[in-house]
Each structure stands twice: as C-alpha cells, then as structure tokens.
Amino acid sequence: EDQVTQSPEALRLQEGESSSLNCSYTVSGLRGLFWYRQDPGKGPEFLFTLYSAGEEKEKERLKATLTKKESFLHITAPKPEDSATYLCAVHIAGFKTIFGAGTRLFVKA
Amino acid sequence: DAGVIQSPRHEVTEMGQEVTLRCKPISGHDYLFWYRQTMMRGLELLIYFNNNVPIDDSGMPEDRFSAKMPNASFSTLKIQPSEPRDSAVYFCASSRQKVEQYFGPGTRLTVT
C-alpha cells in the first residue's frame, strides 16, 4: 500500500535552533515529491518539488533533500514566522497525490 | 493573479441538506483537484480533472459526492444528502501540467 509518513508529529524549537523534518515514503512509481507549508486557516502553500534521489532545493532558511526512501526538510536558524505545519506529498503513477499527516513546527522567540 | 478562489468560505447546514462548494482555478491551469482535510485523516484527494474532464474519482467517499467542471474557470463539489461526518475543510487546487499545485483558502463545512 502506498504510504507517506512524516516525523515528528510536532517540533518545538528555540529561535536559531536548526533542525530537520522527515518524510518517508513507500510508494510504487514515484513521480515527484513536494513540500508545502500550511498556516492555520489557510490552504497549503507550495515550497519545493524534488524528482530524483540526490536532488536538493533551497529557499531562504529551508532546504529540501531527497533519497530513494525519504526526504528531509532542513530548517536553518528558524524564526518565529517559520511556525506552521509542513506537509510532504508524493505524486505517483496516474498523478495520484498522497499527503503525509504533517509536522507542526513551533518556533519560540 | 488572484489565485484559486473558493466559495463559500464557511458553510453550516443541517443533515440531509444539499451542499454545493465552488471553485475558480488559476487562469491557464489545466489540472483541478478537490481535497478534504480532517484532523483524523489529514488531506485526502477526492477527485481531479484535466482539461475539464474527470480523470480519477477514486477518492470520492460515496455516491452522495459528485463533482463537475463545466468549463476551464469553474468547478463544483456537491454533497447530497449531507451527513455530520462530512464536516471538514474542503480545498480546491489547480496546477499547470504535472507540477506543483496551488491551493485555495478552503471551505469549512459543518453539518449538524
């Protein structure tokens, strides 16, 4: 069964304390892996697309990496405004999209 | 660009009533997706369209749910009759070809 698992469920950091979020997947025919950010009461906002193992993408304090079985979202020196839920999603054959449950990130000043 | 537009933003209805959710995708996008988000099940894909044609509706939970896309700038998701377990936030998203999806603000549905 196709599955996407994100860990941890919640992460509390002090401002400036770097960390990583994990997205592991077991799917057949990965076509792409996506990271989204979701703020309370809003729709998910696209961050990154990764297509092949070894690929990396960066945006401000965020860097996403991909291996054959998992992806990491690294957050360097986070700020309180980085607090949000981060969602991982995989596109598989037939353009079906499966989302993970998300990691809720809290950054305290 | 105004982004994906959804209406209404909030809907409260009684069990058994018909509910219609509306979506206007980003101009030029050829894929449209309907999702449902709950605390228990997270974000689930219900159905998606390509060039106004439904491609995969395997995520639609029951026959009570139906979706249409009469033209490139409008789609509806209808629930008839509605039940309390349908309470959730429903998102519409659009994309250009097979790349990242852009989500609307969602419709929070409460069925009492």
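Chain identifiers are assigned alphabetically (A, B, ...) following the order of the sequence lines, protein sequences preceding nucleic acid strands; residue numbering begins at 1 within each chain. Atoms considered below: every heavy atom in the structure, side chains included; atoms not considered: hydrogens, waters and symmetry mates.
For a residue to count as touching a neighbouring chain, one of its non-hydrogen atoms must lie under 4.5 Å from one of that chain's; by this rule A:Phe48 does not touch chain B. In this structure, chain A has no heavy atom under 4.5 Å from any part of B:Arg41. Of the atoms belonging to B:Gln6, not a single heavy atom falls under 4.5 Å from chain A.
When the shell of 6.0 Å around CG of B:Asp63 is examined, it contains 12 or fewer heavy atoms from other residues, nucleotides or ligands. Around the CZ atom of A:Arg61, the shell of radius 6.0 Å holds more than 12 heavy atoms that belong to other residues, nucleotides or ligands. Heavy-atom neighbours of B:Glu14 CD from other residues, nucleotides or ligands within 6.0 Å: at or below the threshold of 12. The number of heavy-atom neighbours closer than 6.0 Å to CD of A:Gln14, taken from other residues, nucleotides and ligands shown, is above 12. Annotation for B:Arg64: atom CZ counts as buried by contact number, over 12 foreign heavy atoms lying within 6.0 Å.
Applying the side-chain hydrogen bond (donor to acceptor under 3.5 Å, both in side chains) test to pairs two or more places apart or on separate chains, those with a residue in residues 39-50 of chain A are A:Arg37-A:Asp39.
Heavy atoms only, all atoms of each residue included: B:Arg9 and A:Gly41 are closest at NH2-O, 3.9 Å. When all heavy atoms of B:Phe103 and A:Pro44 are compared, the pair lying nearest together is CB-O, 3.4 Å. When all heavy atoms of A:Lys96 and B:Asp56 are compared, the pair lying nearest together is NZ-OD2, 3.5 Å. The two residues A:Thr97 and B:Gln101 come nearest to each other via the heavy atoms OG1-NE2, 3.3 Å.
Your options are B:Pro105, B:Gly42, B:Gly59, B:Ala93, and the one with the most heavy-atom pairs under 4.5 Å with chain A is B:Pro105.
Taking Ile, Leu, Val, Met, Phe, Trp and Tyr as hydrophobic and joining them when side-chain heavy atoms fall under 4.5 Å apart, one finds A:Phe72 isolated, its cluster having no other members.
Relative orientation of the A:Phe99 and B:Tyr35 rings is perpendicular, given thresholds of 30° and 60° on the angle between their planes.
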